[in-house]
Protein chains: 2
Amino acid sequence: MRQSKRTQILDAAFRVVQRAGVRAVTFESVAAESGLTKGGLLYHFPSREALLEAMHGHMAQRWEEELEGAVGGAAGEVSARERSAAYAAVTARSSTRAELLLMLEGANEPAMCAPWHGVLERWAPAPVSAEPSRRELEAFVHRLAADGLWLYESLAERPLDPRVRRRVAEYLAAASAEGPEEDEDGDA
Amino acid sequence: MRQSKRTQILDAAFRVVQRAGVRAVTFESVAAESGLTKGGLLYHFPSREALLEAMHGHMAQRWEEELEGAVGGAAGEVSARERSAAYAAVTARSSTRAELLLMLEGANEPAMCAPWHGVLERWAPAPVSAEPSRRELEAFVHRLAADGLWLYESLAERPLDPRVRRRVAEYLAAASAEGPEEDEDGDA
DNA sequence: CAAACTGTACCGGATGGAAGGTACAGTTTG
DNA sequence: CAAACTGTACCTTCCATCCGGTACAGTTTG
């Protein structure tokens, strides 16, 4: 068997989104970007919908892998605080506008967003209780700030000054580390 | 002169984006949503591009008005802290997925994003210095958290529990208020 | 005052091209 | 061999855009 170029196609599709938005994802544009032909794409993805769905799945999978790499294990094996810190760190360093666009555009269709809803639920869930503790609240606010940074870099004309960016990252990391350790294992 | 339905059209276009994304903004869909016809839309907006551009401008204008309403004056007339608090408050209460989608999709074209880049620059700018003070850093982090909340509510399958949401808003508001007042006027 | 005129706001259908999707016969490569 | 493609041709739907025409408010002019 020849080596499949499936992931190569998906990566090309992400570049198209990054450059020109989800709307620009057509069989023709992705074929040109990936160096394959329209027929070749259709071999892997029978429809545009299927291609977009695969992009969501691919994104979620890479995301989970990066998070697991950051903590050195699966989500269920580490504490809530470690997961939270890993989320902030990973989000701060490897979030792209393409991912944001894809997620927002697919947020209405369950088949699209199910994969990354899982990731978010495992690694950076919203407070479970309606009356969260100060610790839970701060953890959530820091998750939101990490997401805000992601958004910022996707919208700004120029990227944030790297030194400011590092100070923000440090601030969020320090905040997740301070205070006494609560005993809490992962399988909630 | 008859009363123009221009803003009515723009509002309808936002509803289309909210429901089905930027891609779904066609003359037909917006015509149906607004109760006018394709020809009527074309009278106001000579092209699809022009319609999208007008949406960006309209959004920025309403945004600025809400911010000015929150502080009771123009951006140049109040302190940096007031602007920052107003930004968090307004963002937390009246941010929609449609706005986010529109901004992200138009972030590459200067003609689209110029209006709201102005709003952001006036009301919630990133730290000017590469070595920001702790105060500046925290203000920026809280802006990011407000944006993160915006993103959260645009992506989640269910809206955040209102009580949690209020606690987050209170947390951000309290954080912007504490500490000694620095003397700083608006016209930087 | 009223007929004539002007310009804005809007209707509704026609058109042409771009893009999704189908079909299938040939080619490369592990 | 068989999976993984290439390449071409074609159909169909959708959608941006164009444009001739209608309704009507306001203004001019006799």
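All values derive from a computational prediction rather than experimental measurement. Order of the sequence lines sets the chain letters (A, B, ...), proteins ahead of strands, with each chain counted from 1.
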Rounded to whole Å, how long is the line connecting atom [atom1] of [X] with atom [atom2] of [N]?
X	N	atom1	atom2	answer
A/Leu42	C/dC24	CG	P	15 Å
B/Lys38	C/dG12	NZ	C1'	9 Å
B/Leu41	D/dA16	CG	P	11 Å
A/Arg23	C/dG20	CZ	P	11 Å
B/Phe45	D/dT17	CZ	P	14 Å

Among the nucleotides [options], which one has an atom lying closest to any side-chain atom of [X]?
X	options	value
B/Lys5	C/dC10, D/dG7, C/dG21	C/dC10
A/Glu28	D/dT6, C/dA19, C/dC10	C/dA19
A/Phe27	D/dC19, D/dC5, C/dG21	C/dG21
A/Arg48	D/dG7, D/dA16, C/dG21	C/dG21

Heavy-atom side-chain contact between A/Glu109 and A/Glu53 under 4.5 Å: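 Counting from C-beta outward, A/Glu109 and A/Glu53 never come under 4.5 Å.
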
Transitive ILVMFWY side-chain link A/Tyr43 to A/Val25, under 4.5 Å: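 Result: no, two separate clusters.
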
Side-chain N or O of [X] versus OP1/OP2 of [N]: is the shortest distance under 4.0 Å?
X	N	value
B/Tyr43	C/dA9	yes
A/Ser4	D/dC5	yes
A/His44	D/dA4	no

Indicate, with a heavy-atom threshold strictly under 4.0 Å, whether B/Val25 touches base, sugar-phosphate, or nothing. sugar-phosphate

Could you check whether B/Glu136 and B/Ser129, counting side-chain N and O atoms only, form a donor-acceptor pair closer than 3.5 Å?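 B/Glu136 and B/Ser129 do not have a side-chain donor-acceptor pair below 3.5 Å.
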
What one should report as the nearest heavy-atom pair of A/Arg23 and A/Arg48 is O-NH1, 4.1 Å

Contact summary for A/Trp116 and A/Met59, nearest pair of heavy atoms: CD1-CE, 3.5 Å

Please list, in numerical order, the residues of residues 6-18 of chain A that have a heavy atom closer than 4.0 Å to any atom of DNA chain C. none

Treating a pair as Watson-Crick (purine N1 to pyrimidine N3 plus N6-O4 or O6-N4) or G-U wobble (N1-O2 and O6-N3) with both distances under 3.5 Å, list the stems of 3 or more consecutive pairs that involve DNA chain C.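 C:1-30 with D:1-30 - these are the stems of 3 or more pairs that involve DNA chain C.
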
Is the count of non-hydrogen atoms from other residues, nucleotides or ligands lying under 6.0 Å from B/Arg166 atom CZ greater than 12?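 Count not over threshold, so no.
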
Which residue lies toward the 5' end of DNA chain C, A/Gly39 or A/Thr26, if each is placed at its nearest nucleotide? A/Thr26

Determine whether the aromatic ring centres of residues A/Tyr171 and B/Phe140 are separated by less than 6.0 angstrom. no

For the backbone of B/Thr7 and the side chain of B/His44, can you confirm whether one donor and one acceptor N or O come within less than 3.5 Å of each other? no

Determine, for B/Asp11 against B/Arg15, whether the closest basic-nitrogen to carboxylate-oxygen distance falls under 4.0 angstrom. no

